[in-house]
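These notes are about the structure you will find just below.
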Amino acid sequence: MNNSPIGIFDSGVGGLTVAREIMRQLPDESIVYFGDTARVPYGSKSRDTIISFSRQIMKFLMTKQVKAIVVACNTASAFALETIAGETDIPVIGVIEPGAKAANEATENGRIGVIATEGTIKSNTYSKVLKEINPKLQVFSKACPLFVPLVEEGWQYDSVTYEIADRYLCDIMSYGIDTLVLGCTHYPLIRRTIQKVVGENVTLVSPAYETAKELESILCDKDIFADGRKVVHDFYVSDSVEKFRNFAGTILPCEVGSVECVNMEQYN
Ligand code: DGL
């Protein structure tokens, strides 16, 4: 069991930012990553749809004998985490609670901004979790749906991205926030652009770091750390292996070897 892999999934490539952090903090662990590239984006889909996709992915990951699952997608964490975690005995963690904890620690004035997909913002999950952690917090949310396609187009540092970020963020900045949660897997990839828009006085919180920390503490509690003698990272997608491999190569610190395409229908 200890040398079994960690299952990580996302709607596509964005969750690789979380996988990267897990590889960095837990280098002895093997990973099975699934990116649902055929059905991305999740951010504009309904709760029921996301639950049914997440359930299929969990079934697939279980066939790889994973010892824990990380829901690296914010939208799936918002809509499906509770449901799928209740359907298995292994630990399942999402990115929202770790991100909220980090934001609560970072804020000094108690005014926190959250930017994410439409689904994550509509679910109100960040706001609920933040207020459970600290009822005094004031939370200001904004959906930024254009950020995901801009990142996937490779326009991280384009002036268009800066302009769009400026337009999205001016509302939220008017509330005097001192902390901004990057509540979508793709947003850390335009971190520099976002920081330029909000200024150096606003702390940007990326849930990936805290998620890896939480995973570490679960592996420690359950005494299921891998021994690091044979570390293997396997990648699976539901569409276009080539596109995934190219994008993954720009994010991950390691060689992206085998990427296999999986037909998700068989996991109904
Ligand atoms: N992975 C999604 C998230 O973090 C963003 C991309 C999508 O909409 O599928 O919410």
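Just so you know, ligand 1 is whichever comes first in the structure, and atom 1 is the first atom listed for that ligand.
Checking side-chain atoms of S77 against main-chain N and O of C73 turns up a donor-acceptor pair under 3.5 Å.
The distance from the OG1 atom of T83 to the CD1 atom of I51 is 4.0 Å, given to the nearest 0.5 Å.
Classified by interplanar angle (parallel below 30°, tilted 30° to 60°, perpendicular above 60°), the ring pair Y236/F60 is perpendicular.
The distance between the ring centers of Y168 and F147 falls below 6.0 angstrom.
Protein residues having a heavy atom under 4.0 Å from any atom of ligand 1 are D10, S11, V40, P41, Y42, G43, C73, N74, T75, T117, V148, C184, T185, H186, listed by chain and number.
Salt-bridge check for E210 with K101: failed, with every basic side-chain N at 4.0 Å or more from each acidic carboxylate O. In summary, K45 and E118 do not engage in a salt bridge, as defined by a charged side-chain N under 4.0 Å from a carboxylate O.
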